[in-house]
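Beneath this line is the structure, given in structure tokens, with notes to follow.
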2 protein chains.
Amino acid sequence: MKFDDVITIKDIAKALNLSTSTVSRALRGRYEISAETKKMVLEYAERMNYRPNLIALSLKEQRSKAIGIVVSEIANNFFSQAINGIESIAYNRGYHVIITQSHESRDREMVNVQHLVSRNVDGLLLSFSCETTDISYFQQLHEKGFPMVQFDRVMEELDTHKVIADNYQGAFHATEHLISRGFRKIGHITSTNNLNITRERLQGYKDALLKHHIPYDEELVKHCNRGGMIYEEVEEAVESLFFNKSKIDALFTAGDRLTTVCLSALKNVQNKYKQVGFIGFTNTNLADLFTPSVSVVRQPAFEIGQRATELLIEMIESKKPITDFEQEVLSSHLIVRDSSKPL
Amino acid sequence: MKFDDVITIKDIAKALNLSTSTVSRALRGRYEISAETKKMVLEYAERMNYRPNLIALSLKEQRSKAIGIVVSEIANNFFSQAINGIESIAYNRGYHVIITQSHESRDREMVNVQHLVSRNVDGLLLSFSCETTDISYFQQLHEKGFPMVQFDRVMEELDTHKVIADNYQGAFHATEHLISRGFRKIGHITSTNNLNITRERLQGYKDALLKHHIPYDEELVKHCNRGGMIYEEVEEAVESLFFNKSKIDALFTAGDRLTTVCLSALKNVQNKYKQVGFIGFTNTNLADLFTPSVSVVRQPAFEIGQRATELLIEMIESKKPITDFEQEVLSSHLIVRDSSKPL
DNA sequence: ATGAAAGCGCTAACAA
DNA sequence: TTGTTAGCGCTTTCAT
């Protein structure tokens with residue numbers, strides 16, 4: 001079924017015995033057009049429910065007033081909140097957003113980005129998938145002057161604006177918090193080392209241990225390289241932390257999805273959750289409904305989305321190329337609940 | 001900053017001393033083009049990283065190979081799972097999806113839909129906002145033959161394909177389950193009566209009471225007309241159910257967001273959650289991490305998304321107009337956990 | 001104040 | 001086998 005029963009400027013012109021250019025001008029309220037013509041056109045357009053064809057406009061203007069978003073999963077509290085932040089700015093500035101998910105797949109991410117670009121989005125908000133390592137395509141785009149801002153999961157080598165949470169500090173404080181509560185064998189479940197957030201949080205964890213003279217034991221760090229997409233991967237990590245030679249007394253998880261999946265796994269693995277100190281990065285609103293309620297590191301997801309969007313729109317609308325890029329770091333927030341109480 | 005450093009067919013044609021049509025044909029592998037020309041074009045295109053401009057294609061072909069999705073919130077387990085179902089089908093059939101959120105606002109919904117339509121999406125997957133009552137715009141679109149499928153939150157008067165869960169049955173069983181566990185004063189928190197899901201679930205609740213000779217008391221039914229978007233609205237509902245003359249011994253909540261927000265409110269209102277039987281519609285994966293673990297009605301969200309998409313693509317690709325529409329009802333699933341145990 | 005024509009990138013009918 | 005041309009819907013420059 002082809003759908004093409006939409007009214008165009010041409011139709012209006014024909015009906016009113018005007019040229020398309022006059023109609024176009026009238027519609028846009030240009031001063032040259034006589035009041036009566038304007039009125040006639042506007043009324044007719046209104047009556048016929050005329051809507052400009054944005055596709056045609058994009059083609060003509062070479063811009064779309066749309067922003068492309070690439071995230072790994074929308075079913076992730078951090079990202080859905082960030083997207084709300086993005087939308088809050090974008091809509092106010094007259095931009096639409098197009099949301100795509102990579103599902104942690106590099107290929108899907110690539111397909112999505114190319115699709116967005118060939119749809120003439122005016123800019124991109126990027127948060128990379130676990131699998132992504134080759135960013136040459138993004139480099140190229142960037143070098144050609146295509147506006148993009150990275151947020152949360154960013155690539156050092158891609159020199160654009162970046163907006164991130166203070167991953168290092170968040171992890172440092174979380175770990176130090178567990179230590180201050182008396183935990184000594186602190187396991188850390190995190191994602192792939194491809195991601196900056198993994199590396200930064202791991203470093204925060206390490207440095208907190210160091211500061212408190214607790215030897216770093218790499219046996220206690222488990223990388224779930226699919227970022228929690230595969231439950232078994234996480235359960236295995238949890239099991240090995242509890243049942244190998246070096247048993248843990250507390251667990252610190254990096255990443256929103258990882259944290260929620262870990263909590264499931266902890267429950268499933270001999271109901272370990274109640275028997276271990278716990279803190280994790282997550283933005284879920286349900287953290288205090290668990291028993292014990294979950295201590296978390298909460299990221300300013302909404303604000304990160306907002307800030308990234310402001311920077312992006314600034315780039316899009318800037319007359320001259322921008323060559324100087326900043327990395328903005330927003331504070332995350334430790335919320336202490338029962339799961340990190342001394343046992 | 002305008003970004004326009006992309007290679008087009010014209011560029012290729014110029015570089016290779018060919019006409020744009022030859023290049024176009026070579027790119028699409030048409031049989032008329034000689035092997036060598038084809039090879040030359042393909043190689044050059046590859047080397048220059050040529051990507052077709054989908055905007056131009058859409059304008060030309062009057063279709064975009066894109067599907068628009070309108071939901072209230074992506075931060076809702078039901079919808080994010082449904083979207084995953086939608087994507088799983090769409091991508092396999094060569095369609096992209098454009099996700100938009102209404103945030104339960106009728107105006108935003110309207111803006112989004114019009115935007116999608118003027119971007120030439122080939123069809124729409126619709127789940128209406130709480131505020132929506134006037135569907136004349138959708139009626140018009142539908143009458144013009146624009147492909148659309150409604151899912152979950154559907155409008156009776158809009159005669160398109162519909163894919164929904166068995167809301168009535170789900171609610172009936174949930175309520176009956178609470179009754180079978182000995183609860184008699186069962187409160188029901190639901191959303192606005194605008195929504196079919198509200199009405200169907202309420203009816204299931206009523207009929208279950210009726211069947212078991214429990215008088216229906218409308219004092220026990222609270223409508224949160226913003227669908228849980230406003231926490232205070234929900235907390236108020238919860239409070240009134242506990243502290244008014246007719247106190248409840250159990251609570252049944254309709255709707256994903258409403259359920260999770262209610263759980264928060266229950267916890268906050270004098271920690272009532274442990275003192276009341278509970279069951280709710282929700283697709284969260286965290287339900288068994290609460291204490292007590294939450295009994296739920298789980299909807300086949302992924303499958304609903306899939307099925308709606310199959311129907312939509314069928315419509316889009318059908319040669320002849322489709323005039324006969326079906327409503328598909330998929331079974332939801334009662335998962336009994338501890339929250340509905342006798343106290 | 002209004003119209004004619006060109007062009008955004010692409011495809012296809014028609015010509016050669 | 002390849003090229004020319006028109007047209008998708010819109011805006012804008014350049015006439016008039």
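Chain naming here is simple, since letters A, B, ... match the order of the sequence lines and numbering starts at 1 in each.
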Output the rounded distance in Å from [atom1] ([X]) to [atom2] ([N]).
X	N	atom1	atom2	value
Leu57(A)	dT12(D)	CG	C1'	13 Å
Leu27(B)	dG9(C)	CG	P	15 Å
Lys10(A)	dA4(C)	NZ	P	13 Å
Arg63(B)	dT11(C)	CZ	P	10 Å
Lys14(B)	dG9(C)	NZ	C1'	13 Å
Ile12(B)	dT2(D)	CD1	P	15 Å
Leu54(B)	dT11(C)	CG	P	10 Å
Leu16(A)	dT2(C)	CG	P	11 Å

Task: Full working for ring pair (Phe, Tyr, Trp, His ring centres under 6.0 Å) between His161(B) and Phe151(B) - done: CA-CA 8 Å; His161(B) 287 316; Phe151(B) 70 101; over 10 Å; no
Looking for any heavy atom pair under 4.0 Å, which part of the strands does [X] touch: base, sugar-phosphate only, or nothing?
X	value
Asn17(A)	sugar-phosphate
Leu18(A)	sugar-phosphate
Leu59(B)	base

Task: Qualifying residue, where the test is side-chain contact (heavy atoms from CB on, under 4.5 Å) with Val163(A) and the options are Leu312(A), Val154(A), Thr309(A), Ile304(A) - done: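 Running side-chain contact (heavy atoms from CB on, under 4.5 Å) over Leu312(A), Val154(A), Thr309(A), Ile304(A) with Val163(A) returns exactly one hit, Ile304(A).
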- [ ] Verify whether the ring centers belonging to His142(A) and Phe325(A) lie closer than 6.0 Å.
- [x]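 Ring-ring flag for His142(A)/Phe325(A): true, centres closer than 6.0 Å.
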Open item on the list: Quick check on the 6.0 Å ring-centre criterion: do Phe128(A) and Phe138(A) meet it?
Closed with: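 Here the rings of Phe138(A) and Phe128(A) have centres that are less than 6.0 Å from each other.
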Task: Test salt bridge (Lys or Arg N to Asp or Glu O under 4.0 Å) applied to Arg153(A) and Glu109(A), Glu104(A), Glu73(A), the passing residue - done: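 The single option meeting the salt bridge (Lys or Arg N to Asp or Glu O under 4.0 Å) with Arg153(A) is Glu104(A).
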Task: Verdict with supporting geometry, Arg51(B) and Asn53(B), side chain to side chain donor-acceptor pair (under 3.5 Å) - done: CA-CA 6 Å; Arg51(B) 303 273 171 241; Asn53(B) 181 322; over 6 Å; no
TODO: Kindly state which residues belonging to residues 28-49 of chain B come within less than 4.0 angstrom of DNA chain C, counting heavy atoms of the residue only, listed by number.
DONE: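 Arg28(B), Arg30(B), in order of number.
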TODO: Side-chain contact test, heavy atoms from C-beta onward, threshold under 4.5 Å: evaluate it for Gln139(B) versus Leu158(B) and give yes or no.
DONE: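 Side-chain contact under 4.5 Å: yes.
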- [ ] Test the Arg25(A)-Tyr31(A) pair against the cation-pi criterion, namely NZ or CZ under 6.0 angstrom from the six-membered ring centroid and within 45° of the ring axis.
- [x]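 The answer is no; the distance or angle limit is not met.
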Can you tell me if [X] touches the phosphate of [N], counting only side-chain N or O atoms and a distance under 4.0 Å to OP1 or OP2?
X	N	answer
Ser24(A)	dT11(D)	yes
Gln62(B)	dG9(D)	yes
Tyr50(B)	dC10(C)	yes

Open item on the list: Under the criterion side chain to side chain donor-acceptor pair (under 3.5 Å), I'd like the reasoning laid out for Ser19(B) against Thr22(B): C-alpha separation, chi angles, the key distance, then a yes or no.
Closed with: CA-CA 5 Å; Ser19(B) 74; Thr22(B) 303; 3.0 Å; yes
Scan nucleotides 4-6 of chain D against the protein and return all N/O pairs shorter than 3.5 Å with their distances rounded to 0.1 Å.
{"residue": "dT4(D)", "atom": "O4", "partner": "Ser21(B)", "partner atom": "OG", "Å": "3.0"}

